[in-house]
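Heads up, the thing below is written out as structure tokens.
In listed order, ligands and their atoms are each counted from 1.
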Amino acid sequence: LQPLCPIDGRFGPRSQDEIPLRALQFKRGLLHEFRKGNATKEQIRLHNLVQQLPKAIIIGVRKGGTRALLEMLNLHPAVVKASQEIHFFDNDENYAKGTEWYRKKMPFSYPHQITIEKSPAYFITEEVPERIFKMNSSIKLLIIVREPTTRAISDYTQVLEGKERKNKTYYKFEKLAIDPNTCEVNTKYKAVRTSIYTKHLERWLKYFPIEQFHIVDGDRLITEPLPELQLVEKFLNLPPRISQYNLYFNATRGFYCLRFNIVFNKCLAGSKGRIHPEVDTSVITKLRKFFHPFNQKFYQITGRTFNWP
Ligand code: A3P
């Protein structure tokens with residue numbers, strides 16, 4: 001008689017299709033325990049777990065949807081995320097601690113999985129491209145962008161909320177974004193400067209070829225996440241595993257949320273998806289006009305065109 005469940009079949013060489021299941025089980029249970037620091041050396045050895053340097057980094061852009069992108073990619077069985085922003089390359093004190101310190105900040109994973117971290121400050125910090133290049137010159141770099149004026153307002157909203165939490169007053173967006181002396185866009189305002197994507201990208205291109213970057217449409221990730229995630233899977237050479245099942249629209253939240261399996265699903269924290277203050281339309285128009293030529297250059301360099309005004 002043929003055995004119903006041959007031992008050889010269960011422990012034989014793994015096909016591509018078997019990896020996700022094993023990794024998913026791992027993600028659900030073991031990994032969670034290990035992250036809480038409950039792993040013994042024996043367990044780590046037994047499961048052949050390693051802390052790997054990231055093969056891909058979400059380098060920015062702040063308020064582009066970096067958290068949503070990381071969490072959504074983490075739905076993929078072959079992806080393991082670093083939960084915290086590590087700020088290794090942009091923070092001199094952290095950087096001085098060395099690559100081994102950085103690696104030790106990474107979660108445990110199976111060797112076939114890839115680790116991804118996100119620190120949006122990387123995109124705009126002068127020293128970062130060279131530092132990342134020195135660590136791994138063939139690393140894959142993800143940049144998630146949104147329409148620049150909306151991103152600047154989102155950036156302002158985050159700072160405003162921080163001030164309000166401390167019972168502090170803050171300027172109106174209009175006052176910060178427009179120089180009162182010239183009535184022109186205030187290019188010294190950080191929220192404006194961060195949205196000049198092409199200026200920052202050009203610095204990165206001194207170290208990495210454009211093929212090593214993938215641009216994610218952050219506005220589309222909000223309304224229609226799956227096709228954006230499928231493009232990232234392709235860029236990372238991952239088999240397509242994220243499906244519509246993994247993403248469901250939560251009307252109360254007004255955003256897509258994540259479904260890992262029948263019992264485990266989650267939405268992003270309330271700090272993601274804030275209500276923006278109303279901004280004077282003439283200021284919006286001025287900002288859009290200001291960003292326009294930079295956007296054109298960004299489309300030209302990246303080969304990805306958006307219908308930003
Ligand atoms: P707003 O707060 O302006 O709406 P980051 O993680 O880089 O700080 O980006 C935050 C932005 O992610 C939010 O900006 C929100 O619009 C966007 N986002 C994209 N997908 C989301 C999702 N599924 N849930 C919550 N926020 C999401």
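A distance below 6.0 Å separates the ring centres of F89 and Y102. Two rings, from F88 and Y95, have their centers less than 6.0 Å apart. For F133 and F208, the ring centers sit closer than 6.0 Å to each other.
Counting the atoms of ligand 1 from 1 in the order shown, those under 4.0 Å from a heavy atom of G273 are 1 (P), 2 (O), 4 (O), 13 (C), 15 (C). Under a 4.0 Å criterion applied to the non-hydrogen atoms of S154, ligand 1 contributes the atoms 1 (P), 3 (O), 14 (O). Atoms of ligand 1 found under 4.0 Å from any heavy atom of G64 (numbered from 1 in listed order, with element): 7 (O), 9 (O). With ligand atoms numbered from 1 in the order given, ligand 1 contributes 6 (O) to contacts under 4.0 Å with heavy atoms of R67. Set against the non-hydrogen atoms of A68, the atoms of ligand 1 under 4.0 Å away are 19 (C), 20 (N), 21 (C). Of all the atoms in ligand 1, the ones that sit under 4.0 Å from a non-hydrogen atom of M72 are 23 (N). Close approach to Y256 involves these atoms of ligand 1, each under 4.0 Å from a residue heavy atom: 22 (C), 23 (N).
Neither the backbone nor the side chain of Q158 comes within contact range of ligand 1; no heavy atom lies under 4.0 Å. Looking at R146 against ligand 1, only its side chain comes within 4.0 Å, counting heavy atoms.
Here atom 7 (O) of ligand 1 lies nearest to T66 when heavy atoms of L69, L221, T66, I222 are compared. Relative to atom 10 (C) of ligand 1, the option among K118, R62, K63 with the closest non-hydrogen atom is K63.
Residues P225 and T223 come closest through the heavy atom pair CD-C, 3.8 Å.
Salt bridge annotation for E202-K297: present, with a cationic side-chain nitrogen under 4.0 angstrom from a carboxylate oxygen. In this structure, D219 does not pair ionically with R151, as no charged nitrogen and carboxylate oxygen lie closer than 4.0 Å.
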Can you check side chain to side chain donor-acceptor pair (under 3.5 Å) on S109 and Q52, steps first, answer last? CA-CA 7 Å; S109 60; Q52 308 186 71; 2.9 Å; yes
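Taking distance alone, with nitrogen or oxygen atoms compared against 3.5 Å, G65 approaches ligand 1 more closely than that limit.
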